[in-house]
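Reviewing the structure listed below.
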Amino acid sequence: MVAIFFFGILIAIHEAGHFSLAKLFKVKVNEFSLGMGPALLKKRKGDTLYALRLFPIGGYVSMEGEDEDSSDSNAFNNKKVWQRFLILAAGAFMNLLLGLILVAVILSMEDLIGTNTIRNFYDNAKSQQTGLQVNDRITKIDGHNVISELDISFLMARSDDGIYDITVIRDGEKVELKDVTFESKEVDGHLQITYDFVIIGKSPTSGIIFAETFKRSASIVRIVWLSLFDLITGRYGLTDLSGPIGTVNIIADATAEATVNKDGLMNALNIMALVAINIGVFNLLPLPALDGGRLFFLIIEGIRRKPINPKYEGYVNAAGLVLLLGLMLVVTFNDIVSLVRG
């Protein structure tokens with residue numbers, strides 16, 4: 001139930017972003033709906049029908065002139081390009097804002113906030129034998145900047161052999177280390193890296209929490225981008241994707257664990273922050289049927305100073321929607337198979 005409630009919050013805050021900006025710019029909103037399918041509750045206020053629907057798997061804000069031309073002066077299509085841009089971007093922005101808030105909550109609960117500086121090594125640490133030293137501040141792993149300590153474990157997990165090129169700051173100087181090696185073994189077809197050093201932690205003061213909130217959130221955004229890149233390039237297959245069912249199951253497990261101890265709660269909040277930021281980033285991708293695809297058309301309109309033919313934009317969005325629904329069917333099938341086998 002907690003997982004479903006969280007997804008409901010994600011949907012509600014996303015649609016509320018679109019709705020609030022539409023109202024701010026005096027766009028006529030025909031319907032504000034949470035959920036899909038038959039309506040459980042309906043209430044009309046002014047021009048807008050507010051609805052709560054049966055299935056908590058989506059929601060929408062239906063604006064006059066959003067998908068067709070309208071002569072109404074308050075229609076979406078008759079507003080300025082920058083106003084339409086902000087209305088469409090507001091949903092993803094709200095998801096990203098929720099992610100930021102969750103990250104700040106997580107950091108405020110931590111006893112120490114991790115840095116990217118090495119405090120000490122475990123006995124017989126292979127990475128120490130192949131180049132790393134105590135007090136090294138890690139700034140790059142295989143060419144990728146280390147923004148927060150979250151990047152260290154993620155970038156290490158992307159390795160195929162447990163060997164890395166690492167850039168560190170040592171005694172104020174930049175040092176580039178080649179072929180830094182970690183112990184690794186294969187588990188269930190995936191390479192598992194042994195994390196053989198301990199990083200320095202900082203006490204969570206308000207200033208540190210504020211700064212680290214943005215750093216860690218930026219790391220999560222890049223994790224989403226790199227994961228998409230890895231999927232496109234074949235590092236991961238479709239079977240590695242999780243859809244709504246799999247994600248709800250993961251959150252449900254984490255929240256059940258959260259009732260037992262603080263670590264479980266932190267794990268649940270981390271997953272929720274990742275999902276919130278993931279949805280925000282994914283929605284901004286310039287793909288048809290997503291907010292990012294529509295934003296892309298608006299950018300072209302702003303450059304051309306005239307709109308794209310709505311008929312062609314409709315064709316592209318319809319094709320994108322079919323592909324997106326097809327992808328959702330595949331990952332949902334994977335989720336169900338995983339649950340049955342699990």
pair Ile199-Ile138: side-chain heavy atoms closer than 4.5 Å: no
Side-chain donor or acceptor of Glu68 paired with backbone N/O of Gly65 under 3.5 Å: yes
Lys/Arg-Asp/Glu bridge criterion (N-O < 4.0 Å) met for Glu173, Arg170: no
Any Leu284 side-chain heavy atom under 4.5 Å of Phe93 side chain: no
Side chain to side chain, Tyr164 and Met156, heavy atoms closer than 4.5 Å: yes
Between Thr181 and Asp179, a side-chain donor and acceptor under 3.5 Å: no
Ser219 side chain vs Lys215 backbone, donor-acceptor pair below 3.5 Å: yes
Within 6.0 angstrom of Arg304 CZ, more than 12 heavy atoms from elsewhere: yes
Side-chain heavy atoms of Phe76 within contact of Phe25, under 4.5 Å: no
From CD1 (Ile200) to CZ (Arg137), nearest 0.5 Å: 11.0 Å
Parallel, tilted or perpendicular: ring planes of His18 versus His14, cut at 30 and 60 degrees: perpendicular
Connected via hydrophobic side-chain network under 4.5 Å: Val180 and Ile163: no
Pairwise side-chain contact, Thr167 with Lys174, heavy-atom cut-off 4.5 Å (strictly under): yes
Salt bridge flag under 4.0 Å for residues Glu149 and Lys202: no
Joint cluster assignment, Ile147 & Val221, ILVMFWY side-chain distance < 4.5 Å: no
Parallel, tilted or perpendicular: rings of Phe19 and Phe32 (30°, 60°): parallel
Any side-chain donor near an acceptor of the partner, Ser33 and Arg53, under 3.5 Å: yes
Heavy-atom check, side chain of Ile277 versus side chain of Leu96, under 4.5 Å: yes
Backbone of Leu10 reached by a side-chain donor or acceptor of Asn95 within 3.5 Å: yes
Working for side-chain contact (heavy atoms from CB on, under 4.5 Å), residues Trp225 and Val281: CA-CA 8 Å; Trp225 282 109; Val281 173; 3.8 Å; yes
Donor-acceptor contact below 3.5 Å, side chain Asn145 vs main chain Lys140: no
Asn74 backbone acceptor or donor facing Asn78 side chain under 3.5 Å: no
Common cluster, Ile101/Ile9, ILVMFWY with side-chain heavy-atom separation under 4.5 Å: yes
Smallest separation among heavy atoms of Tyr60 and Gly35, with atom names: CE2-O, 4.5 Å
hydrophobic_cluster_shared for Ile169 and Leu132, side chain cutoff 4.5 Å: no
Heavy-atom side-chain contact between Lys79 and Lys26 under 4.5 Å: yes
Hydrophobic cluster membership, Tyr122 vs Val134, 4.5 Å side-chain cutoff: no
Test item: Ile118 and Gln133 side chains (from C-beta on) under 4.5 Å apart, heavy atoms: no
Side-chain (Asn283) to main-chain (Gly280) donor-acceptor, under 3.5 angstrom: no
Atom CZ of Phe121 with >12 non-hydrogen neighbours under 6.0 angstrom: yes
Donor-acceptor contact below 3.5 Å, side chain Ser217 vs main chain Leu100: no
Test log, rule side chain to side chain donor-acceptor pair (under 3.5 Å), inputs Lys126 and Thr194: CA-CA 9 Å; Lys126 200 165 186 178; Thr194 300; over 6 Å; no
Working for side-chain contact (heavy atoms from CB on, under 4.5 Å), residues Leu112 and Ser203: CA-CA 5 Å; Leu112 292 173; Ser203 297; 4.2 Å; yes
